[in-house]
**Student:** 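Take this structure first; my questions come after.
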Amino acid sequence: MKLGVSLYSYTSEFGTTLTLDDCIEDVADLGASGLEILGEAHVENYPSPSTAWIDAWFARLSRWELTPTCYGSWVDTRRGRRPITVDEAVAQLETDIRLASTLGFAYVRPKLGVVTDDLEPDPVWEPATERVLDLAAEKNVIICPEIHWPSVIKSKVVDDYLAFIQRTGTSHFALLMDTGVFQTSMHRRTGGVASRMGDKGGRPPEVPVVPVSDLEDVLDHVCHVQAKFYEIDDDLQDHYIPWKEFLDLLTRRGWDGWLSSEYEGDYGVGRASDQLRRQHALIRTLSDVR
Amino acid sequence: MKLGVSLYSYTSEFGTTLTLDDCIEDVADLGASGLEILGEAHVENYPSPSTAWIDAWFARLSRWELTPTCYGSWVDTRRGRRPITVDEAVAQLETDIRLASTLGFAYVRPKLGVVTDDLEPDPVWEPATERVLDLAAEKNVIICPEIHWPSVIKSKVVDDYLAFIQRTGTSHFALLMDTGVFQTSMHRRTGGVASRMGDKGGRPPEVPVVPVSDLEDVLDHVCHVQAKFYEIDDDLQDHYIPWKEFLDLLTRRGWDGWLSSEYEGDYGVGRASDQLRRQHALIRTLSDVR
Amino acid sequence: MLDVPMIQTRGFRNSDGGFQVRLRLPYYRGVWTNLLEGVSLTVDGEEYAADTIGWTLAGTDYTLAELVGSDTARWPVDVPATLTVPRGEPLSIGFHTVAAELRLHMSYIPEELQPTIWSEERRLVITR
Amino acid sequence: MLDVPMIQTRGFRNSDGGFQVRLRLPYYRGVWTNLLEGVSLTVDGEEYAADTIGWTLAGTDYTLAELVGSDTARWPVDVPATLTVPRGEPLSIGFHTVAAELRLHMSYIPEELQPTIWSEERRLVITR
Ligand SMILES: [Mn+2]
Ligand SMILES: [Mn+2]
């Protein structure tokens, strides 16, 4: 296993107290070797960065000895308040696959719009993804939708993804596992700008605790892990994510991808840098990572 | 009178939460037209900025329609723990006069080392200043030592400066008035990195309140005002500096220089920007400034 | 660098025929502007509806309808939006209470939880 | 951008034969380094004297004596100093309490109030 960091972790500090250079330096400084970004957040003038920006990107990777891991993308399925067409979804996926490849990424995570209360992805996902598999092969990237709380592993969504791999026989589609799925209790993020989800009184779903053992059946299809976490306390303990159990399983199975940290705890200047260091210290004491 | 801001105000935010660009944009955004800097803080690669840096400096002045007012310099008289020579003081003054002139400043404020507990300046000040008067004339800048708390107006220091003007007949030496001299009570700055002055139990002097009327006799020799302040409260009142009395005197006397704000209150992210706006709102409601 | 709050200190000022206030996008990524539902403002208790407010993004002026109708316009996460609000009188010199509500549609969150709404109130100063 | 505290989060790490910690200058201007009296450190109660600590400023390595002896070296206010501290064992993975005292001579303050001393303590993490 290898340790990386997603720049998602620096949300609310990126652009306010940290530049892109600062974030990337911080990732290297804390000892990670993998770098994950969000295309729509971190690429200047997305989706068309200048060649100067691209040159600066590779200069940073070289200076800090970082490997680009996963590129986060979105397929916003209700832009302009109408459903997306397959052609539009294909165009969005192509844009991000090309850009991710230009920047050296191995994985592209498209976050898909949903059509039901229980987060069923928009059905465009299947024909649109199928149409970009050849491009993914040409560009040497793996498309990996994210299994993210409140989705669970044993679900129709995951079954459908695995059936897709089976049917197409592709090696350019796999799963991204977000460790928030295994949270044993719910963290309520504090700080930052107050926000709410709608004014219709809707509430996020209640989700049962997902045992780490649920990972066994799908691990062979997991190409990348987002090591989501919320808070590592002053004794270097995480009370939300069962790291030991999770890391022991990956180690026993010989899984050899990236653990890419995603800090999603309380907002506050300097918190991400501190919490990421705590998590990496914790992971390195629990497992043998490079 | 014209309103400006000294970038001194952003101490602890410059380089941590604000770039030089941000500070200068903030000065323009709050409605000031004059810009004061500290050479040793704000000039990249001081004392030898690159031509690219100088070009960027003038581009900012032009973009934000700002006039360079005063350039703060230092004559550190005990470098390497030995007293400075006149030649060394001349060299330091020449360096800053040339750099200030290159950057378009009209005033150079040298902060002089002191030789006594009651802040008598190092005697090198007089021969060294006399030797750079021709350069100041050539570069069209006025050298202006600062009358700064705990110094007072009616003092040997100020008398000596005025005698120097008299004796040399120069028009390139004048006084800089820091409004902290008129503080009616002492503000204890909070926040920031804890600091203390020595471990010998020494304490700053007790200073009597200086009446604004003391300014009458020297105002004709005051070329620049640093509008030092500590805190404007939530009712737009300043309980430390008697602004109305001060501004009324300047207005009555038709004084037409720059009031350059120096915020020196509590540290905290965003405090300088907020407090500077409060002070400018207060000054503009009390007087007719451009 | 931008201010950490959504409502920025820089940019709050009187302008021709009204006033301006600047917001950063408090989301974790930039967005296609046709995901926007708009921003409503309240200054000293006076409300300004989302569709009366003009937008400037990276130097280009838009109406809200133009932003929602565009397939290509973006609001990057590190580029503030300047909102221009028509008002008969300029705002007075001194303090003002400025509240903003930003509404954004999230495709990956179910319809019944739409839109995501960020709200903030700050006390800001008009200097002239 | 640098951290607001004097002791920076970035830069605290094990290095060949010791560890490193990075400081920003908490003063309002950069300084000629011959005004420095040095920095002493305490990590987990273990003290490291100012004259045992190596300095790196903008890529150049110095001893404290070299900095104090130089007429031209500068420590700019927006450039952090990396301090390199010899130590027999690397610091363990996990938390460490790091305290720093920076001493700087101020010519414009009377001798009896010298030097100005900034002190700070932070709890920082070694990751490997
Ligand atoms: Mn994730
Ligand atoms: Mn002053």
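Lettering of chains follows the sequences in order, A, B, ..., and the numbering in each one begins at 1. As a basis for the values below, the full set of heavy atoms in this structure was taken, side chains included, without hydrogen atoms, waters or symmetry mates.
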**Student:** Quick check on the interface: out of Asp117(B), Val269(B), Thr11(B), who has the most heavy-atom pairs with chain D under 4.5 Å?
**Tutor:**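 Option with the greatest count: Asp117(B).
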
**Student:** Which residues in residues 75-95 of chain D have any heavy atom closer than 4.5 Å to a heavy atom of chain B?
**Tutor:**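 Within residues 75-95 of chain D, the residues under 4.5 Å from chain B are Val77(D), Asp78(D).
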
**Student:** Under a 4.5 Å heavy-atom cut-off, does chain D meet the side chain of Glu264(B), its backbone, both or neither?
**Tutor:**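 Neither; nothing under 4.5 Å.
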
**Student:** For the atom pair CG (Asp3(D)) and OG1 (Thr17(B)), what is the distance rounded to the nearest 0.5 Å?
**Tutor:**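 Nearest 0.5 Å value for the CG-OG1 distance: 11.5 Å.
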
**Student:** At their closest point, which heavy atom of Glu40(B) faces which heavy atom of Val31(D), and how far apart are they?
**Tutor:**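 Glu40(B) and Val31(D) have their closest heavy atoms at OE1-CA, 4.2 Å.
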
**Student:** Which pair of heavy atoms, one from Met1(D) and one from Thr16(B), lies closest together, and at what distance?
**Tutor:**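 Scanning both residues, the minimum pair turns out to be CB-O, 3.3 Å.
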
**Student:** For Tyr8(B) and Tyr28(D), take the angle between the two ring planes, folded into 0 to 90°, and tell me which bin it lands in: parallel under 30, tilted 30 to 60, perpendicular over 60.
**Tutor:**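 Judged by the thresholds at 30° and 60°, the geometry between Tyr8(B) and Tyr28(D) is perpendicular.
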
**Student:** Less than 4.5 Å to any heavy atom of chain D: does that hold for the side chain of Thr19(B), its backbone, both, or neither?
**Tutor:**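 Both backbone and side chain.
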
**Student:** Quick one: which of Gly72(B), Gly15(B), Pro47(B), Pro121(B) has the most heavy-atom pairs under 4.5 Å with chain D, could you say?
**Tutor:**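 Winner by heavy-atom pair count: Gly15(B).
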
**Student:** How long is the straight-line distance from CH2 of Trp74(B) back to CG of Leu35(D), given to the nearest 0.5 Å?
**Tutor:**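 The CG atom of Leu35(D) sits 12.0 Å away from the CH2 atom of Trp74(B).
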
**Student:** Going by side chain to side chain contact (heavy atoms under 4.5 Å, CB included), name the residues that satisfy it together with Asp122(B), two or more places apart in sequence or in a different chain.
**Tutor:**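 For Asp122(B), the residues satisfying side chain to side chain contact (heavy atoms under 4.5 Å, CB included) (neighbours in sequence not counted) are Thr77(B), Ile84(B), Val115(B), Val124(B).
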
**Student:** So, the side chain of Lys200(B) versus the backbone of Leu113(D): is there a donor-acceptor pair under 3.5 Å, distance only?
**Tutor:**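 Answer holds: no.
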
**Student:** How about Arg24(D) and Ser12(B): do any of their side-chain heavy atoms sit closer than 4.5 Å?
**Tutor:**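 Of all side-chain heavy-atom pairs linking Ser12(B) with Arg24(D), at least one is under 4.5 Å.
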
**Student:** Report the option among Glu37(D), Met6(D), Gln114(D) that has the most heavy-atom pairs separated by less than 4.5 Å from atoms of chain B.
**Tutor:**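 Option with the greatest count: Gln114(D).
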
**Student:** Okay, side chain of Arg81(B), backbone of Asn34(D): is any donor-acceptor separation there less than 3.5 Å?
**Tutor:**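 Such a contact is found between Arg81(B) side chain and Asn34(D) backbone.
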
**Student:** Please classify the contact between Leu112(B) and chain D as side chain, backbone, both or neither, with a heavy-atom cut-off of under 4.5 Å.
**Tutor:**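 Backbone of Leu112(B) only, per the 4.5 Å heavy-atom cut-off to chain D.
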
**Student:** Show every donor-acceptor pair shorter than 3.5 Å between a side-chain atom in residues 190-198 of chain B and any protein atom, with sequence neighbours excluded, or say none if there are none.
**Tutor:**
residue   : atom : partner   : partner atom : Å
Thr190(B) : OG1  : Asp266(B) : OD1          : 3.1
Thr190(B) : OG1  : Asp266(B) : OD2          : 3.2
Arg196(B) : NE   : Asp199(B) : OD1          : 2.7
Arg196(B) : NH1  : Glu101(D) : OE2          : 3.2
Arg196(B) : NH2  : Asp199(B) : OD1          : 3.2
Arg196(B) : NH2  : Asp199(B) : OD2          : 3.2
Arg196(B) : NH2  : Glu101(D) : OE2          : 3.2

**Student:** Heavy-atom distances under 4.5 Å only: say whether Leu102(D) touches chain B with side chain, backbone, both or neither.
**Tutor:**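 No part of Leu102(D) comes within 4.5 Å of chain B.
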
**Student:** Which one of Pro115(D), Ala58(D), Pro5(D), Pro26(D) has the most heavy-atom pairs closer than 4.5 Å to chain B?
**Tutor:**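 Looking at each option in turn, the highest pair count goes to Pro115(D).
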
**Student:** Please list, in residue-number order, every residue in residues 104-112 of chain D that has a heavy atom less than 4.5 Å from any heavy atom of chain B; write 'none' if there are none.
**Tutor:**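 Expected list: His105(D), Met106(D), Ser107(D), Tyr108(D), Ile109(D), Pro110(D), Glu111(D), Glu112(D).
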
